[in-house]
Amino acid sequence: MAKQVDSVLPGWGLSLGVTLTFLSVLLLLPVSLLLLKVSELSSSEIMAIVSSKRSLAALWLSVRTAIQAAAVNVIFGTLIAWVLVRYRFFGRRVLDACVDLPFALPTAVAGITLTTLLSPKGLYGSYLSEWGIDGAYSPFGITVALVFVGLPFVVRSVQPVLEDMNLDLEFAAMSLGASRLQTWVKVVLPSIVPAMVTGFSLAFARALGEYGSVVFIAGNMPLRTEILPLLIMTRLEQFNYGAACVLAAMMLFVSLVILLGTKFLDGGIRTR
Amino acid sequence: MSIVLDQISKRFGSHSVVQRVSLEIASGELFVLLGGSGSGKSTLLRIIAGLLSPNEGRVAIGGVDVTQLPPQKRDVGFVFQNYAVFRHMSVGENIEFGLRVRGVARAQCIERRDELLDLVGLTGLAHRRPHQLSGGQLQRVALARALAYRPTVLLLDEPFGALDLQVRTQLRRSLRSIQDELGITTVLVTHDQEEAFELGDRVGVLYRGGLVEVGDPMSLYHRPHTDHVASFIGGGNVLVGRKVGPLIQLGNVQIPMPQQAKVHQEGAPVRVLFRPEDVTLSDAPPRDAVQLGQGVIVESTFAGSVSRVRVEVEGLRGARSLAPYPTYGQKAPHVEVTFPSAAQMPHLQESRFLSLNRYHVLDPHGLSVLSLVGRHAEVDAALRVGAVVARASHGTLYTFKEAMRGDSERVRKELRLGAEQILPAAQVETIVRDGEVVESFVDEAQRGLYDLAVLGREGDGAFEPQVLRSLSIRLLRMVGIPVVLAHPTTTKIGRMLICTAAGEPGKGDVLFGARLARHFRAHVTVIHVQRFGATPLDVSRAKKHLESAAQSLAAMGIEHEVMVKTGDVAMALRDTVARGKYDLVLFGASGSASRRALLFLEDLIRGANTSVAVIPMMG
């Protein structure tokens with residue numbers, strides 16, 4: 001860690017100090033308190049909470065739907081970013097602004113709207129039930145809600161990279177004889193994969209912790225459609241703070257592992 | 001393989017980038033497209049490669065029409081200014097890219113890769129990553145990559161633009177030897193004329209989307225046809241004089257018209273080019289050389305292998321200088337001279353005799369007319385009269401208008417439509433500027449590209465009379481070009497009045513008038529007013545002048561009459577203008593182009609439906 005002499009911010013010491021204080025107050029301290037609470041419990045108690053069927057089912061559901069949602073977002077978010085950057089059409093700016101709607105909209109509103117649409121009598125739900133798919137009150141519904149809240153992360157990660165990408169790279173590939181598909185797969189895609197991975201991590205992290213929109217659409221049946229954040233909420237309402245903290249720590253651990261995993265993967269791609 | 005471009009045009013929106021370019025490049029030739037920024041050179045190259053498609057025209061490579069073929073099928077290698085090396089691939093993978101996508105076997109790819117690495121001088125670097133290489137090395141990789149699958153044509157878009165001087169020279173040499181070795185037809189785009197000369201078998205000069213001239217470097221340098229090429233290429237001195245008999249009159253200096261020069265009309269402007277190294281400075285007037293007379297050293301710079309001095313030559317005063325570009329407050333044309341540094345450098349303010357070892361006369365051309373267009377282009381007098389003059393002389397109309405930023409495309413279109421009713425599209429150029437209109441108009445006029453400026457007459461509503469007046473004065477005095485004040489009813493010039501009494505009778509006025517009249521086949525009246533009480537000497541001088549004016553008009557085959565009146569100058573002229581139904585009245589501003597003189601003029605033509613031309617003092 002070298003001292004940056006030509007920095008715009010006043011003083012290396014000052015800026016580092018502020019950074020650390022800020023992070024401590026807002027991030028490290030709450031997390032430490034959480035872990036402190038967990039440490040009040042005995043290991044057998046912790047193990048009992050963690051390994052209970054209901055907790056594991058909730059955790060698996062949360063992780064699974066978050067990964068699914070993030071994966072869907074990576075595909076469609078990249079496509080949207082591509083369209084927004086590469087094409088000029090009427091209403092492009094409006095569409096561009098709409099991408100941020102999930103940020104602005106209260107998640108509860110999103111949840112209720114999606115539930116209405118996906119419920120067996122709703123606009124989408126009625127079609128889905130013909131195909132034998134449960135729209136609302138199912139893992140499918142949860143994934144849909146999570147796709148909704150996570151979309152902007154992928155679009156906003158990929159978009160600037162695409163904007164900066166030199167068209168000449170594609171021209172070069174084309175003049176070298178590469179077909180459109182080859183150009184895309186061999187030249188464009190490798191340049192935006194890091195951004196896509198970042199977008200995936202952000203969308204995943206957001207989806208894993210999402211509560212507001214999911215509670216309406218999930219149906220919240222233990223073992224079937226109960227996500228982990230809801231289970232934590234339930235434990236809190238039962239004044240079972242210990243269990244809530246254990247579950248929270250568990251969630252923290254799992255998401256850390258997954259985020260570090262993607263960072264590692266991303267780093268591998270970059271230095272390859 | 002040969003490349004043939006046939007009438008290629010390309011527009012982006014309404015903005016025309018390439019205009020009707022036709023060109024043939026022979027098989028194995030290294031052809032350089034030279035042009036400034038915005039000249040359309042890169043666009044043209046991309047059209048050859050198929051990365052852009054032309055709006056009109058056809059491209060053929062090796063005799064096969066490829067206009068409709070996508071870049072993948074054209075078999076061209078393309079090298080970009082910013083290298084466009086794939087960052088996520090190794091050097092080797094980059095070079096093999098073109099082979100791999102064509103499904104060439106791995107072993108062959110590697111063999112060809114190593115061959116190319118040797119060719120471009122990067123032996124053994126196949127496994128490096130692009131970020132480990134310097135700019136020069138990256139461009140070598142890009143070159144190797146483009147050559148890998150043996151394209152029929154190699155296209156390079158400012159390949160050395162982003163590199164520093166030393167690397168650039170090195171790469172230039174490598175490129176030349178690689179091209180010689182492979183014998184591949186190559187087109188290189190650059191803005192650097194030194195590069196163009198060093199590399200090109202032939203060079204094509206692009207300007208504002210048009211191919212101005214094509215030739216080998218030697219003839220482009222020494223015998224260009226257009227003033228754009230003469231001043232754009234090399235440090236050149238381009239002076240505009242006038243043809244007088246077998247001579248060229250440059251201010252007070254006369255030099256012989258070379259045998260090989262294209263035929264100029266008597267009195268027509270002659271553009272003379274001489275290169276700085278073709279001028280000799282000496283202490284005494286040299287014999288057996290074309291002399292420019294004496295000049296004073298005003299600037300002297302040491303530039304390594306050569307020394308460069310600027311000499312102000314009093315004798316050339318009155319000749320218009322296109323290059324070097326005249327500086328503000330300069331009294332007489334400056335001539336640029338270079339000589340080997342070893343020779344002794346003259347000191348500032350020292351006086352020397354100048355002579356020319358070699359000079360060249362550019363082809364004559366029609367009038368370049370610069371019109372200042374007011375608010376409503378469709379009814380603008382300056383636009384219409386400018387177009388009428390440009391059409392008659394087979395020249396070019398440059399329409400000039402101010403516009404808000406962002407509005408310029410619409411304004412350009414409007415100007416075009418306005419002028420094209422009178423002129424063919426090829427003869428209209430539009431210039432749109434934001435900012436202070438008078439200042440930017442004077443700046444534009446000062447570029448020395450124009451023979452004539454056209455403004456609206458007072459009271460057309462677009463500009464205030466005093467604005468037009470001060471603009472006229474600046475154009476006449478500082479820029480030194482004739483100014484026409486256009487009247488909206490002027491649609492042709494059939495009758496012309498040349499007044500030699502508004503000041504000293506000027507030879508230049510008559511000659512310029514005659515040149516205009518010749519284009520229009522107009523009838524010319526030359527009028528001279530004798531003041532009461534003029535001395536016999538004055539009378540005989542005026543008579544002599546009128547005689548010679550009549551002679552030159554007759555020599556140019558112009559129908560004319562000479563009129564001599566006696567009395568109050570203003571009254572006599574006003575009377576003549578009012579009765580004569582002239583389309584154009586021409587005055588000399590040889591005395592002084594002052595506010596008073598212009599007010600006098602305005603008073604003379606008040607109420608008459610005529611346009612007015614004011615001629616500055618000319619040699």
Side-chain angles (χ1 to χ4, degrees), chain A residues 74 78 81-82 85-93 154 157-201 262-272, chain B residues 12-13 42 45-52 69-90 93-104 129-132 138 141-159 162:
Chain A
V74 161
T78 305
W82 179 265
V85 171
R86 283 301 169 85
Y87 299 101
R88 292 289 170 269
F89 51 90
F90 182 74
R92 186 182 66 92
R93 282 164 190 276
V154 178
S157 306
V158 175
Q159 200 176 7
V161 179
L162 275 178
E163 261 161 15
D164 284 351
M165 212 174 98
N166 195 338
L167 266 178
D168 283 350
L169 285 174
E170 286 157 65
F171 282 163
M174 278 156 73
S175 73
L176 288 166
S179 66
R180 278 165 185 268
L181 186 69
Q182 281 172 321
T183 303
W184 215 85
V185 173
K186 295 190 177 206
V187 176
V188 179
L189 200 58
S191 329
I192 57 172
V193 159
M196 287 164 72
V197 171
T198 306
F200 178 88
S201 324
T262 49
K263 267 269 180 295
F264 190 71
L265 186 74
D266 182 23
I269 288 165
R270 271 177 216 251
T271 54
R272 192 169 62 106
Chain B
F12 292 124
S42 291
L45 198 71
R46 278 155 199 250
I47 288 174
I48 300 176
L51 301 174
L52 290 173
L69 284 186
Q72 290 91 340
K73 302 234 168 91
R74 290 201 186 188
D75 239 15
V76 298
F78 203 105
V79 175
F80 298 84
Q81 174 171 11
N82 50 32
Y83 326 129
V85 165
F86 306 132
R87 300 270 155 180
H88 58 281
M89 296 181 196
S90 70
E93 285 167 335
N94 261 288
I95 297 174
E96 290 167 41
F97 186 88
L99 303 167
R100 289 284 178 83
V101 296
R102 284 179 169 77
V104 174
R129 311 295 310 183
H131 64 88
Q132 297 170 302
L138 283 174
V141 174
L143 181 62
R145 183 180 67 178
L147 291 170
Y149 63 97
R150 302 175 208 278
T152 53
V153 165
L154 178 63
L155 307 172
L156 305 110
D157 188 4
E158 301 244 14

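Each chain gets a letter, A, B and so on, in the order its sequence line appears, and its residues count up from 1. Reckoned from all heavy atoms, side chains included, excluding hydrogens, waters and symmetry mates.
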If you tally heavy-atom pairs under 4.5 Å between each of A:Thr183, A:Leu167, A:Leu169 and chain B, the highest tally belongs to A:Leu169
Relative to chain A, which segment of [X] carries a heavy atom at a distance below 4.5 Å: side chain, backbone, both, or neither?
{"X": "B:Ala146", "result": "backbone"}
{"X": "B:Arg74", "result": "neither"}
{"X": "B:Arg145", "result": "both"}

Could you tell me which residues satisfy side-chain contact (heavy atoms from CB on, under 4.5 Å) with A:Phe90, sequence neighbours excluded, listed by chain and number?
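A:Phe90 satisfies side-chain contact (heavy atoms from CB on, under 4.5 Å) with no other residue.
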Heavy-atom pair of closest approach, residues A:Leu176 and B:Arg102:
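Looking at all heavy atoms of both residues, the shortest contact is O-NH1, 2.6 Å.
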For A:Lys186 and B:His88, which heavy atoms make the closest approach, and how far apart are they?
O-NE2, 2.7 Å
Give the interface residues of residues 152-159 of chain B toward chain A, defined by a heavy-atom separation under 4.5 Å.
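Listed by number, there are no contacting residues, so the answer is none.
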Inter-chain contacts: residues 76-84 of chain B against chain A, heavy atoms under 4.5 Å:
B:Val76, B:Phe78, B:Phe80, B:Asn82, B:Ala84
Report, as yes or no, whether the 6.0 Å neighbourhood of atom CZ on A:Arg86 holds more than 12 heavy atoms from other residues, nucleotides or ligands.
yes
Please list every donor-acceptor pair under 3.5 Å in which a side-chain atom of residues 157-164 of chain A meets a protein atom from a residue at least two apart or in another chain.
{"unit_1": "A:Ser157", "atom_1": "OG", "unit_2": "A:Phe153", "atom_2": "O", "d": "2.6"}
{"unit_1": "A:Gln159", "atom_1": "OE1", "unit_2": "A:Arg156", "atom_2": "NH1", "d": "2.6"}
{"unit_1": "A:Gln159", "atom_1": "NE2", "unit_2": "A:Asp96", "atom_2": "OD1", "d": "3.4"}

Please flag which part of A:Asp168 lies under 4.5 Å from any non-hydrogen atom of chain B: side chain, backbone, both or neither.
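Contact with chain B is through both the backbone and side chain of A:Asp168.
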I'd like to know if the side chain of B:Gln72 reaches the main chain of A:Ala178, judged simply by a donor and an acceptor atom lying under 3.5 Å from each other, with no hydrogens or angles considered.
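Yes; judged by distance alone, with no hydrogens or angles, the pair exists.
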